[in-house]
Number of protein chains: 2
Amino acid sequence: MDFEQADALNQAIRLLSLRHRARAATLLAPLGLHPGQEALLLELARTGPAIQSQLSEALGCEPPSVTLMTRKLEAGGYIRREPAPSDRRASIVELTDSGKALADQVKRLWCALAEETVAGLPAETVAELPGILRTLTGNVDSRRSRRPPEDDAV
Amino acid sequence: MDFEQADALNQAIRLLSLRHRARAATLLAPLGLHPGQEALLLELARTGPAIQSQLSEALGCEPPSVTLMTRKLEAGGYIRREPAPSDRRASIVELTDSGKALADQVKRLWCALAEETVAGLPAETVAELPGILRTLTGNVDSRRSRRPPEDDAV
DNA sequence: GCATAATAGTTATGCGCATAACTAATCTGT
DNA sequence: ACAGATTAGTTATGCGCATAACTATTATGC
């Protein structure tokens, strides 16, 4: 691959990151959320209570990031942290009622953002997109377990 | 679009951002660069000397970000800033010889990263990808000038 | 010609994310 | 049963990026 193509790709990924995140920030701001926090709320809404290391794994970010995110969401009253009975090192994190309500609002925003994002693309491309993006992600994922491709493309 | 699909897409974009950036960080670290700085070097290598506001525009980030990036790259000896003769508000930024050499190294890394990123995808998809990503970016770009789509897809 | 607007850049501050270094608890091997 | 490794989490620190508020310069309208 020559530099022109490589740069077109890398730059496109970088810019998409910046813009998608910025757009998410704009949409989430009225809810009092910063981008990244919504992922934690959605994960809890999806799977129920979890300990922080599970969240770290699910969100794809490091434990210190989870520490800070949970602290801020807890301060906002959206989540609750209580010690795990079976492991005194761990904290169980769960949504409060307020957090559940907020997660529902986030879900609606999330649909709007996704629709806005793929506007103008053929439905076929839209359907393939998550799988393609996950393939790209897996290709550069330096933390992935060594189990091979796993073919989770759509 | 239902939430499942929307979340699959939004999450995929978020994770790709994290991973691609992390991978770039790993590759750039031996050169003493942090991700984001390479974009500035490549832009200068591409277009020659520029003032900061042009860089801000080209990189898609805000002027304060350019201020900090240029300061650090200048401290590293990779770029030089001198006052613009025709406008005493502006600074002209250009690569030093050291910066040009570094930019060449970055170009090689950039090719390797791009190839790694698209590994396993059909060539056809790879060819379409930059255009698709730019469409997505344009769709959520809140700073774009109001000139319509512009159809720069490949 | 001069007040006002627009533009180039900086500083201050805050967030998400990372790594490094640390504590506390649990698990493992002998 | 106990030393050492592993795991859960935190604190400290640094970077990129953002917005807000500011200075200095240049352009504009009357």
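Small disclaimer: the values here were computed from a predicted structure and weren't measured. First the proteins, then the strands, lettered A, B, ... as listed; each starts at 1. Every heavy atom of this structure was used, including side-chain atoms; hydrogens, water molecules and symmetry mates were not.
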Could you give the [atom1]-to-[atom2] distance, from [X] to [N], as a whole number of Å?
X	N	atom1	atom2	answer
A:L68	D:dG14	CG	P	16 Å
B:L41	D:dG16	CG	P	12 Å
A:R14	D:dC15	CZ	P	18 Å
A:Q37	C:dG16	CD	C1'	9 Å
A:L18	C:dC17	CG	C1'	14 Å
B:Q54	C:dT7	CD	C1'	13 Å
B:L15	C:dA18	CG	P	10 Å

Short side-chain N/O contact from [X] to OP1 or OP2 of [N], under 4.0 Å:
X	N	result
B:K72	D:dG14	no
A:T67	D:dT11	no
A:R81	D:dT10	yes
A:S53	D:dT7	no

Problem set entry | Any donor-acceptor N or O pair under 3.5 Å, side chains A:R21, B:S17 | no

For this session: Report yes or no: is there a donor-acceptor pair, N or O only, under 3.5 Å between the side chain of A:R89 and the base of D:dT7?
Result: yes

Seminar exercise, completed: Nearest heavy-atom contact between B:I79 and B:E74 is CG1-N, 3.5 Å

